[in-house]
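Structure first, then comments.
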There are 2 protein chains.
Amino acid sequence: MNKSKITIEGAKDYLVKNGINPSYQRLKIFEHLAKSTSHPTVDIIYHELSKEIPTLSKTTIYNTLNLFQRKGIVIGLTIEDNKLRYDSNTELHAHFKCTKCGEVYDIPVEFPPEMNNKVNEHIVDERHFYMKGTCRNCTKNTG
Amino acid sequence: MNKSKITIEGAKDYLVKNGINPSYQRLKIFEHLAKSTSHPTVDIIYHELSKEIPTLSKTTIYNTLNLFQRKGIVIGLTIEDNKLRYDSNTELHAHFKCTKCGEVYDIPVEFPPEMNNKVNEHIVDERHFYMKGTCRNCTKNTG
DNA sequence: TTCTCTGCAAACGCTTTGCACGGAT
DNA sequence: ATCCGTGCAAAGCGTTTGCAGAGAA
């Protein structure tokens with residue numbers, strides 16, 4: 001699945017197709033994730049969507065994102081040790097987190113094909129690759 | 001620095017060389033990390049070292065590992081979202097975590113040299129690459 | 001009615017902080 | 001006397017769980 005192919009209009013069908021009852025909250029949460037480029041945390045989603053849905057609770061966001069993960073339509077990113085970020089792009093790619101501004105960027109990478117399924121005799125199910133540093137915007141702004 | 005070059009005898013000198021006062025607890029914690037192959041969590045270190053040092057507290061382990069990280073002699077691994085693991089091998093390498101037995105293996109990898117310093121105009125300070133799946137031992141044992 | 005979704009409140013687990021005691025210089 | 005390391009207890013914070021009320025079928 002490619003994030004750019006998920007339109008807001010198609011979000012509802014997309015949830016249904018993946019066996020998810022498209023409630024109002026679930027739809028909003030998925031839409032927010034699909035159009036976000038910054039791989040938001042639960043807290044960010046909560047503060048953002050609370051504007052539209054004042055009754056929204058974090059519990060619902062946690063429930064929903066765990067459901068989405070089980071259904072395979074989002075992946076959880078473990079970049080910080082203490083909080084989870086979420087990405088609706090489930091294709092294999094890397095992430096770059098700017099330690100100055102906190103933004104998380106997608107980075108296209110080609111993984112060596114010989115480690116696609118096995119590495120050192122271990123069977124590989126998931127691959128996670130992320131980098132930290134100073135992003136191009138922050139480099140510009142500080143000279 | 002290469003983990004295999006750190007002998008237990010040399011640990012004290014190694015701490016001093018890196019500007020760390022080699023107290024008994026710090027020495028024991030570093031030694032444990034240096035000879036461990038499983039990238040232990042604070043909890044694992046605590047239970048292991050408590051046998052030798054019954055008065056040891058987790059606070060001391062947290063304090064010590066944070067100090068070690070600041071001094072650059074260990075790195076924190078964010079593989080699970082909820083707990084930190086520690087590695088005294090500060091050379092660039094990948095990790096494989098077995099979701100069956102929980103063991104974490106070192107994996108030598110060559111990163112594409114073109115992403116050593118910059119990627120998509122972003123300045124890269126840290127690179128983290130880890131995989132999850134079933135390790136060779138668990139594959140054998142379950143057939 | 002029955003089943004599912006939502007959301008408050010409490011619990012949980014890892015990590016950090018506050019602080020006092022003890023040892024070394 | 002001063003400084004630093006240690007460790008108990010409490011706080012902090014992200015996440016999960018228990019549960020009751022609301023809503024859909």
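Computed from heavy atoms alone, side chains included, the values below leave out hydrogens, waters and symmetry copies. Letters A, B, ... are given to chains in the order of the sequence lines, protein chains preceding strands, and every chain is numbered from 1.
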Problem set entry | Under-4.0 Å side-chain N/O to phosphate OP1/OP2 contact, A:Thr60 with C:dG7 | yes
Exercise. Looking for any heavy atom pair under 4.0 Å, which part of the strands does B:Thr41 touch: base, sugar-phosphate only, or nothing?
Worked result: nothing
Exercise. In whole Å, what is the span from the CD1 atom of A:Ile29 to the C1' atom of C:dT6?
Worked result: 10 Å
Seminar exercise, completed: Quick tally for nucleotides 19-25 of chain C: nucleotides whose base has a protein heavy atom under 4.0 Å get B, sugar-phosphate-only ones S, the rest -, giving -------
For nucleotides 21-25 of chain D, list the nitrogen or oxygen atoms of the protein found under 3.5 Å from its nitrogen or oxygen atoms, one pair per line.
none

Problem set entry | By side chain to side chain donor-acceptor pair (under 3.5 Å) - contacts of B:Glu121 (at least two apart) | none
Problem set entry | A:Val42-A:Leu56 co-clustered via ILVMFWY side chain contacts under 4.5 Å | yes
Exercise. If you find the nucleotide of DNA chain D closest to B:Asp81 and the one closest to B:Thr55, which residue's nucleotide is nearer the 5' end?
Worked result: B:Thr55
Problem set entry | Partners passing side chain to side chain donor-acceptor pair (under 3.5 Å) against B:Glu103 (at least two apart in sequence or in another chain) | none
For this session: Treating Ile, Leu, Val, Met, Phe, Trp and Tyr as nodes and any side-chain heavy-atom pair under 4.5 angstrom as an edge, say whether A:Val109 and B:Tyr130 lie in one connected cluster.
Result: no
Seminar exercise, completed: A:Lys83 atom NZ is separated from D:dT15 atom P, nearest whole Å, by 8 Å
Exercise. What residues, two or more places apart in sequence or in another chain, satisfy salt bridge (Lys or Arg N to Asp or Glu O under 4.0 Å) together with A:Lys97?
Worked result: A:Glu80
Exercise. Which whole-number value in Å describes the distance from B:Lys28 NZ to D:dG5 C1'?
Worked result: 18 Å
Exercise. Partners of B:Ile75 by side-chain contact (heavy atoms from CB on, under 4.5 Å), sequence neighbours excluded?
Worked result: B:Leu77, B:Asp87, B:Thr90
For this session: Keeping to residues at least two apart or across chains, list the side-chain hydrogen bond (donor to acceptor under 3.5 Å, both in side chains) pairs with something in residues 50-61 of chain B.
Result: B:Lys28-B:Glu52, B:Asp43-B:Lys58, B:Glu48-B:Lys51, B:Ser57-B:Thr60
Exercise. Would you say A:Thr99's side chain and A:Gly133's backbone share a donor-acceptor pair under 3.5 angstrom?
Worked result: yes
Exercise. Is any side-chain heavy atom of B:Leu84 closer than 4.5 Å to a side-chain heavy atom of B:Thr78?
Worked result: yes
Problem set entry | Integer-rounded Å distance: D:dG14 P and A:Asp43 CG | 6 Å
Show the distances under 3.5 angstrom between N or O atoms of the protein and N or O atoms of nucleotides 1-4 of chain C.
none

What donor-acceptor contacts under 3.5 angstrom involve side-chain atoms of residues 17-26 of chain A, with partners at least two apart or in another chain?
from, atom 1, to, atom 2, distance (Å)
A:Asn18, ND2, A:Tyr14, O, 2.9
A:Ser23, OG, A:Arg26, N, 3.2
A:Arg26, NH1, A:Asn21, O, 3.1

For this session: Take B:Leu67 and B:Arg70 through the side chain to side chain contact (heavy atoms under 4.5 Å, CB included) test and state the conclusion after the steps.
Result: CA-CA 5 Å; B:Leu67 173 66; B:Arg70 280 200 307 281; 3.5 Å; yes
Exercise. Nearest-Å distance, CG (A:Leu49) to C1' (C:dG7)?
Worked result: 15 Å
For this session: Could you tell me the separation between the NZ atom of A:Lys58 and the P atom of C:dA11, rounded to a whole number of Å?
Result: 19 Å
Exercise. Rounded to the Å, how far apart are B:Leu27 CG and D:dG5 P?
Worked result: 14 Å
For this session: By nearest nucleotide on DNA chain D, pick out whichever of B:Leu56 and A:Asn82 is the more 5' one.
Result: B:Leu56
For this session: Find out whether A:Leu49 and A:Ile61 are in side-chain contact, i.e. whether some heavy atom of one side chain is under 4.5 Å from a heavy atom of the other.
Result: no
Exercise. Which ring-ring contact (aromatic ring centres under 6.0 Å, His included) pairs, counting each pair once, include a residue from residues 64-102 of chain A, with sequence neighbours left out?
Worked result: A:Phe30-A:Phe68, A:His39-A:His95, A:His93-A:His95, A:Phe96-B:His122
Exercise. For DNA chain D, what residues of residues 61-69 of chain A have any heavy atom nearer than 4.0 Å?
Worked result: A:Tyr62, A:Asn66
Exercise. Quick one: A:Ile53 CD1 to C:dC5 P, roughly how many Å, whole number?
Worked result: 16 Å
For this session: Kindly indicate whether the side chain of A:Ser57 and the base of C:dC8 share any N or O donor-acceptor pair separated by less than 3.5 Å?
Result: no
Exercise. Do any side-chain nitrogens or oxygens of B:Ser23 fall under 4.0 Å of OP1 or OP2 in D:dT6?
Worked result: yes
Problem set entry | Other ILVMFWY residues reachable from A:Ile44 by side-chain steps of under 4.5 Å | none
